[in-house]
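These notes concern the structure reproduced below.
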Amino acid sequence: MDYVSSVLNELKKKNANEPEFVQAATEILSCLEPVFERHPEYERAGLLERFVEPERVVMFRVPWVDDAGMVRVDRGYRVQFNSAIGPYKGGLRFHPSVDLSIIKFLGIEQVLKNSLTGLPIGGGKGGSDFDPKGKSEGEIMRFCQSFMTELYRHLGQDADVPAGDIGVGSREIGYLFGQYKRIRGEHVGVLTGRGLSYGGSLVRKEATGYGLVYMVEEALGHRGDSLKGKRVIVSGSGNVAIYACEKALSLGAKVVAMYDSDGYIADMGGIDLAVIKQIKEVERGRIREYAERVKGASYHEGCRGIWNIPCDIALPCATQNEIDLHSAKALIKNGVKLIGEGANMPTTLEAIEAFRKAGVVFLPAKAANAGGVATSALEMAQSSGRMFWTFEEVDAKLRSIMSGIYRSMDEAAREYSLDGDYVAGANIAGFCKVADAMMAQGVV
Ligand code: NDP
């Protein structure tokens with residue numbers, strides 16, 4: 001058996017109770033065999049065994065008091081996956097589904113994503129199984145303070161710099177930052193996604209969604225096409241989805257459907273984003289209210305049906321494994337041309353294979369949604385330099401970073417005679433830089 005397969009088999013055995021981590025690692029490792037053929041020295045250095053094992057996993061208790069005076073306990077995580085090319089960087093997710101498998105899959109993806117940005121950031125991820133839904137402001141604040149009271153000792157602006165993810169937006173980052181500052185007595189860039197009044201960067205809020213659409217536009221441009229007039233499905237209605245929708249609309253596309261975890265709305269005339277923003281960002285309400293406010297729109301319970309709506313482009317922007325083989329077949333049957341992954345691992349391995357066979361352009365998450373972390377790194381640069389760049393400056397840098405990522409994965413795919421296979425291209429390009437740095441730093 002070759003080296004890569006034997007490491008993957010061992011990983012599957014060791015982590016049999018971590019299905020999402022195994023899924024992400026399988027996708028990555030199945031692309032790396034040609035790299036190891038060219039670099040036999042990596043095997044002797046145990047490079048792959050080290051790459052798939054996080055440098056450190058921290059798990060902790062998060063006790064907090066609810067509004068009724070009851071003590072609640074959730075579980076906190078920080079996986080510091082790989083620091084070969086820079087300090088650990090990656091978001092915090094608050095969602096009841098969070099467990100070690102989810103955080104490790106997000107962590108290993110983050111290592112390669114951060115490498116692809118070309119910026120000096122390593123990979124990490126964290127979060128909690130705390131469910132923010134239905135909690136009061138006071139409960140959210142007390143939870144965040146308790147979470148940071150343990151986490152702070154593992155962080156540092158040059159050591160580990162978290163950001164947001166599902167369930168962690170600007171409000172939560174504010175509370176987490178406030179507690180860090182209070183404990184450490186220092187106002188430093190230890191979290192990104194901060195508010196503009198206390199060290200945040202312009203464009204950070206928009207960055208993941210905008211970056212995704214910049215890459216879609218780039219991929220279409222290379223095929224003599226553009227977003228103009230395209231019917232787009234954007235799943236989710238959180239941070240990534242809203243700003244993907246905003247940029248797609250500004251480039252002339254028509255977004256025909258979105259969802260939250262209860263169900264989806266369809267609006268074939270084109271979604272009115274102002275209404276979505278009012279419901280989701282201002283009122284923190286449910287997406288079903290859109291159909292009550294906008295004539296011609298419909299609401300459907302459950303999420304899966306969204307992929308039966310005919311579209312040219314699908315941008316899954318909610319969560320992992322949103323598109324399974326069944327959904328992929330429906331999309332292909334309806335003539336989808338391009339999938340751009342805004343969420344992390346939103347497409348199952350079988351669905352990716354179906355898109356590949358059908359010749360659908362597939363932009364994988366670690367490349368397509370890297371705009372968020374890239375702009376976080378720009379926030380870190382502004383913090384350290386005590387600078388504040390304009391919206392136009394940050395947006396131009398984001399655009400150029402997305403274009404650079406597209407080029408790297410395209411070139412890596414070509415170099416290995418896998419033209420147009422961006423899953424392979426992104427994994428290879430991301431991995432090679434990390435591998436170089438790990439080899440240079442000895443057995444650590
Ligand atoms: P948000 O919490 O802002 O939004 C998440 C959205 O997805 C909500 O509409 C939520 O619905 C929906 N959702 C969550 N879980 C499910 C589920 N199981 N089924 C159906 N819908 C679901 O998160 P973000 O927009 O920040 O993150 C979305 C994705 O993008 C995640 O995969 C994240 O890892 C990834 N990502 C985010 C980045 C960022 O900068 N924020 C950067 C790179 C990747 P509801 O409100 O009903 O729960």
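Keep in mind that this is a model prediction, so the values were computed, not measured. Along the sequence shown, residues are numbered consecutively beginning with 1. Atoms within each ligand, like the ligands themselves, are counted from 1 in listed order.
- By the 4.0 Å heavy-atom criterion, Lys133 is counted among the residues contacting ligand 1.
- Summarising the contacts of atom 34 (O) of ligand 1 with Asp165, Val168, Ile166, the nearest heavy atom is found in Asp165.
- The Cys317 neighbourhood of ligand 1 comprises atoms 28 (C), 29 (C), with distances under 4.0 Å to a heavy atom of that residue.
- We find that Asp272 and Arg293 are not joined by a salt bridge, their nearest charged nitrogen and carboxylate oxygen being 4.0 Å or further apart.
- Shown in contact with Ala343 at under 4.0 Å from a heavy atom are these atoms of ligand 1, numbered in order with element: 29 (C), 30 (O), 32 (O), 35 (C).
- When each of Val232, Ile265, Leu249 is paired with Ile271, the side-chain contact (heavy atoms from CB on, under 4.5 Å) condition holds for Ile265 and for no other.
- Residue Cys303 has no N or O atom closer than 3.5 Å to an N or O atom of ligand 1.
- Closest to atom 46 (O) of ligand 1, if we only count protein heavy atoms, is Arg286 NH1, 3.7 Å.
- A heavy-atom separation below 4.0 Å is found between Arg204 and ligand 1.
- Contacts between Glu172 and ligand 1, counted as non-hydrogen atom pairs separated by less than 4.0 Å, are absent for every part of the residue.
- Less than 6.0 angstrom separates the ring centroid of Phe177 from the ring centroid of Tyr198.
- Taking the six-membered ring for Trp and the full ring otherwise, His95 and Phe130 have centroids separated by 6.0 Å or more.
- Of the N and O atoms on the side chains of Asn344 and Glu109, not one donor lies less than 3.5 Å from an acceptor on the other residue.
- Checked by distance only, ligand 1 and Ala241 stay at 3.5 Å or farther apart across all their nitrogen or oxygen atoms.
- Side-chain contact, Lys366 with Asn427: a donor N or O sits under 3.5 Å from an acceptor N or O.
- At least one N or O atom of Ser261, backbone or side chain, sits closer than 3.5 Å to an N or O atom of ligand 1.
- Backbone and side-chain nitrogen or oxygen atoms of Lys125 are examined, and none is located within less than 3.5 angstrom of a nitrogen or oxygen of ligand 1.
- Considering OH of Tyr77 and CZ of Phe147, their distance stands at 10.5 Å, rounded to 0.5 Å.
- Between Tyr406 and Tyr422, the side chains place a donor N or O and an acceptor N or O closer than 3.5 Å (distance only, hydrogens not considered).
- Nearest to atom 41 (N) of ligand 1 among the protein's heavy atoms is Asn239 OD1, 3.6 Å.
- One distance of note links CD1 of Ile352 with CE of Met345; it measures 9.0 Å at 0.5 Å rounding.
- The proximity of Ser235 to ligand 1, defined as any non-hydrogen pair under 4.0 Å, does not occur for either the backbone or the side chain.
- The nearest non-hydrogen atom to atom 2 (O) of ligand 1, considering only Gly167, Gly91, Ser237, Gly238, comes from Gly167.
- Counting protein heavy atoms under 4.0 angstrom from atom 10 (C) of ligand 1 gives zero.
- Considering both main-chain and side-chain atoms, Thr208 comes within under 3.5 Å of ligand 1 through a nitrogen or oxygen pair.
- When Asp260, Ile242, Val240 are checked for heavy-atom proximity to atom 25 (O) of ligand 1, Val240 turns out nearest.
- In terms of polar-atom proximity, Lys113 is not counted as a contact of ligand 1, lacking any N or O under 3.5 Å from an N or O of the ligand.
- Assignment of Arg93 to the shell around ligand 1 is supported, since a heavy atom sits closer than 4.0 Å.
- At under 3.5 Å, not a single nitrogen or oxygen of Gln320, backbone or side chain, sits near a nitrogen or oxygen of ligand 1.
- Residues meeting the ring-ring contact (aromatic ring centres under 6.0 Å, His included) test with His154, sequence neighbours left out: none.
- Closest protein heavy atom to atom 13 (N) of ligand 1: Ala318 CB, 4.0 Å.
- The backbone and the side chain of Asn369 each have at least one atom closer than 4.0 Å to an atom of ligand 1 (non-hydrogen atoms only).
- Note: no N/O pair closer than 3.5 Å links Lys280 and ligand 1 by distance alone.
- For the residue pair Glu341 / Thr347, a side-chain donor-acceptor distance below 3.5 Å is found, with atom types taken as modelled.
- Here Asp260 pairs with Arg286 in a salt bridge; the nearest charged N to carboxylate O distance falls below 4.0 Å.
- Selection from Asn344, Leu212, Thr319, Ile102 by nearest heavy atom to atom 15 (N) of ligand 1 gives Thr319.
- In summary, the aromatic rings of Tyr175 and Phe143 are positioned with their centroids too far apart to meet the 6.0 Å limit.
- Side-chain N/O atoms of Gln320 and Glu20 include no donor and acceptor closer than 3.5 Å.
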